[in-house]
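To keep things clear, I will list the structure first and then write my remarks on it.
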Number of protein chains: 2
Amino acid sequence: MTRGETGRPVRKRRNQYHHGDLRRALIDEAARVIGARGVEHLTLRAVGQQLGVSRTALYRHFADKASLLAAVAAEGFRQLRTDLAAAWEERGGGRAGMDAMGIAYVKFAVERPSYYRVMFGGLLDAERVRCDELVEHATAAFQVLEDAVIAQQRDGLVHADDPAELSRYIWATVHGIAMLGIDGQLRHEAGGAEALMRFANERLRTGIALP
Amino acid sequence: MTRGETGRPVRKRRNQYHHGDLRRALIDEAARVIGARGVEHLTLRAVGQQLGVSRTALYRHFADKASLLAAVAAEGFRQLRTDLAAAWEERGGGRAGMDAMGIAYVKFAVERPSYYRVMFGGLLDAERVRCDELVEHATAAFQVLEDAVIAQQRDGLVHADDPAELSRYIWATVHGIAMLGIDGQLRHEAGGAEALMRFANERLRTGIALP
DNA sequence: ACCTGAACACCGTTCAAGT
DNA sequence: ACCTGAACACCGTTCAAGT
């Protein structure tokens with residue numbers, strides 16, 4: 001039997017009312033609007049209208065607007081994880097793989113600034129929105145980085161610090177570059193966030209590589 | 001003649017209608033609400049009511065809500081600059097001063113998460129909100145860091161890279177730690193963002209210090 | 001189960017009118 | 001100049017009612 005990415009069986013269902021999968025359609029449409037015009041222009045009414053559905057139909061699938069945003073953010077982390085893993089593997093890991101991951105991360109953020117902000121912008125009250133799916137996908141994305149760090153430690157390329165701590169440090173650096181780039185705070189940097197990431201790859205390395 | 005921080009002459013004016021300085025009062029009240037309940041709870045109507053003023057009085061001093069937020073952000077950068085300069089000078093500069101600046105920065109962000117987000121959260125469309133005051137204060141805050149880097153280069157403590165580039169790299173790291181901390185993404189870190197900053201001070205140093 | 005329209009309690013912003 | 005109330009065009013969300 002074919003299975004969806006959630007692991008639940010996928011069945012071609014007859015369209016009830018309007019959609020086979022309104023939930024999916026809502027997330028996609030929300031992500032589209034966010035990517036095209038920014039979160040601040042996302043209204044549930046317009047989403048419903050675009051999908052040919054009443055403006056309250058959405059509440060059958062999401063508790064509120066924040067929950068929809070959380071689902072969009074989860075989708076973002078899933079994609080980010082894919083991008084990071086691809087960058088690492090394309091270079092066959094090692095230092096080149098690590099550098100490529102940093103660049104891929106920054107690229108992801110800079111190319112979809114609004115999307116990235118939904119993932120990290122604090123629109124989702126960490127306490128209130130109990131979205132296990134979001135935490136799960138975010139953790140999985142981070143795990144790609146930590147696995148890379150552990151692999152490099154095994155190969156003697158990187159300090160034998162606590163890999164989780166070391167990974168958090170690297171994550172913070174890359175995240176900071178991405179955020180500053182999105183905010184336009186790197187306007188004096190010739191090559192933008194990507195150029196700063198290349199510089200960071202150099203300085204980060206001499207910081208974390210064994211002597 | 002006494003002068004305000006903008007360089008314009010300060011004169012004790014008679015209260016017109018309700019306030020001697022409604023603009024100042026609006027910024028303070030907005031900052032108070034943001035600090036206490038978050039930006040998402042800030043409404044112009046409530047601000048006016050709290051100040052005993054009509055809900056449209058504000059438009060005499062700000063073009064719109066975004067402009068008010070920009071003024072609040074500018075105030076934040078002014079305070080951040082003060083905190084950073086104090087940390088640097090208290091330790092008499094050098095490595096200890098640099099470390100203290102990092103900690104002070106993260107503390108600033110973690111203690112006023114909503115405030116910090118207004119400064120960096122992208123609520124101010126960098127293109128649309130032409131707020132020279134904001135850019136000015138943000139630049140001044142960054143300058144404190146760059147001056148510290150230059151001083152350390154002079155003392156032979158730090159790599160002779162382009163100081164602006166090096167400062168941006170350090171800023172990104174600290175900013176990333178602050179942001180992840182605010183977002184609750186460091187929940188697995190025992191001492192929170194501050195602990196990660198201490199770790200970063202170690203690893204950052206071996207990255208940027210001369211051998 | 002899933003969807004609907006009408007209604008509620010909000011917003012930011014505009015504007016003619018006041019002092 | 002600075003402030004005002006009424007009005008406009010929106011929001012997210014609730015809810016009784018439909019299929």
Side-chain angles (χ1 to χ4, degrees), chain A residues 8 11-27 29-30 33-34 37-73 118 121-125 128-131, chain B residues 8-9 11-27 29-30 33-34 37-73 114 118 121-125 128-131:
Chain A
R8 283 196 304 271
R11 192 187 330 237
K12 192 128 194 185
R13 282 174 296 181
R14 293 190 57 76
N15 288 10
Q16 334 91 303
Y17 282 72
H18 295 98
H19 290 87
D21 192 349
L22 180 56
R23 189 188 136 86
R24 183 77 248 161
L26 287 164
I27 295 173
E29 172 62 12
V33 174
I34 289 165
R37 312 221 306 128
V39 218
E40 66 275 22
H41 289 110
L42 179 73
T43 75
L44 302 187
R45 293 159 113 98
V47 168
Q49 192 167 4
Q50 182 67 25
L51 263 42
V53 132
S54 128
R55 40 184 179 268
T56 62
L58 161 151
Y59 288 93
R60 287 293 129 192
H61 300 276
F62 299 98
D64 50 20
K65 192 179 186 177
S67 297
L68 174 61
L69 286 178
V72 172
V118 173
L123 302 154
L124 321 345
D125 226 315
R128 291 194 315 114
V129 176
R130 276 216 76 48
C131 182
Chain B
R8 284 196 304 269
R11 192 188 329 236
K12 192 129 194 183
R13 282 175 297 180
R14 293 188 57 76
N15 286 11
Q16 332 92 303
Y17 282 72
H18 294 96
H19 289 87
D21 193 349
L22 180 55
R23 190 189 135 86
R24 182 76 248 162
L26 287 164
I27 295 173
E29 172 62 13
V33 174
I34 288 165
R37 312 222 303 128
V39 218
E40 66 275 19
H41 290 110
L42 177 73
T43 75
L44 302 187
R45 293 159 113 98
V47 167
Q49 192 167 3
Q50 182 68 25
L51 262 41
V53 131
S54 128
R55 40 185 180 268
T56 61
L58 162 148
Y59 289 94
R60 288 292 129 195
H61 300 277
F62 299 98
D64 51 19
K65 191 178 188 179
S67 296
L68 174 61
L69 286 177
V72 172
S114 304
V118 173
L123 302 155
L124 321 344
D125 226 316
R128 289 193 318 112
V129 177
R130 276 215 76 46
C131 183

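In what follows, chains are A, B, ... by sequence order, proteins preceding strands, each numbered from 1.
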In this structure, how many angstroms lie between the C1' atom of dC11(D) and the CG atom of Asp64(A), rounded? 14 Å
Looking at the side chain of Leu22(A), which of dG12(D), dC3(C), dC3(D) is the nearest nucleotide? dC3(C)
Hey, could you give me the CZ/CG distance between Arg45(B) and Leu58(B), rounded to the nearest 0.5 Å? 12.0 Å
Considering non-hydrogen atoms only, spot the tightest contact between Ala71(A) and Phe62(A) and give its length. CB-CE2, 3.8 Å
Walk me through it: do Arg60(A) and Leu22(A) pass the test side chain to side chain contact (heavy atoms under 4.5 Å, CB included)? CA-CA 9 Å; Arg60(A) 287 293 129 192; Leu22(A) 180 56; over 6 Å; no
On a heavy-atom basis, the closest approach of Gly38(B) and Ser114(B) is CA-OG, 3.5 Å
What are the two closest heavy atoms between Ala30(A) and Leu42(A), and how far apart are they? CA-CD1, 3.9 Å
Gln49(B) CD to dG5(D) C1', in whole Å, measures 14 Å
Interface residues of residues 54-62 of chain B with DNA chain D (non-hydrogen, below 4.0 angstrom): Ser54(B), Thr56(B), Ala57(B), Arg60(B), His61(B)
So the stems of DNA chain C, runs of at least three Watson-Crick or G-U pairs (under 3.5 Å), are C:4-8 with D:12-16, C:12-16 with D:4-8
Roughly, in whole Å, what's the span from CD in Glu40(A) to P in dG12(C)? 15 Å
Integer-rounded Å distance: dG12(D) C1' and Leu44(A) CG: 6 Å
How far does CD of Glu29(A) sit from CD of Gln49(A), to the nearest 0.5 angstrom? 10.5 Å
Roughly, in whole Å, what's the span from CG in Leu42(A) to P in dC10(D)? 16 Å
Atom NZ of Lys65(A) and atom P of dC11(C): how far apart are they, to the nearest Å? 15 Å
Can you tell me how far P of dT13(C) sits from CZ of Arg45(B), to the nearest Å? 11 Å
Quick one: are Leu26(B) and Val53(B) in side-chain contact, heavy atoms under 4.5 Å? no
Identify the two heavy atoms, one from Leu44(A) and one from Lys65(A), that lie closest to each other, and give their separation to 0.1 Å. CD2-CG, 3.8 Å
Candidates Asp21(A), Val72(A), Val47(A), Leu69(A) - the one meeting side chain to side chain contact (heavy atoms under 4.5 Å, CB included) with Ile27(A): Val72(A)
If I take atom CG in residue Leu26(B) and atom P in nucleotide dC2(D), what distance separates them, rounded to the nearest angstrom? 13 Å
Sugar-phosphate only, base, or nothing, as touched by Leu68(B) at under 4.0 Å among non-hydrogen atoms: nothing
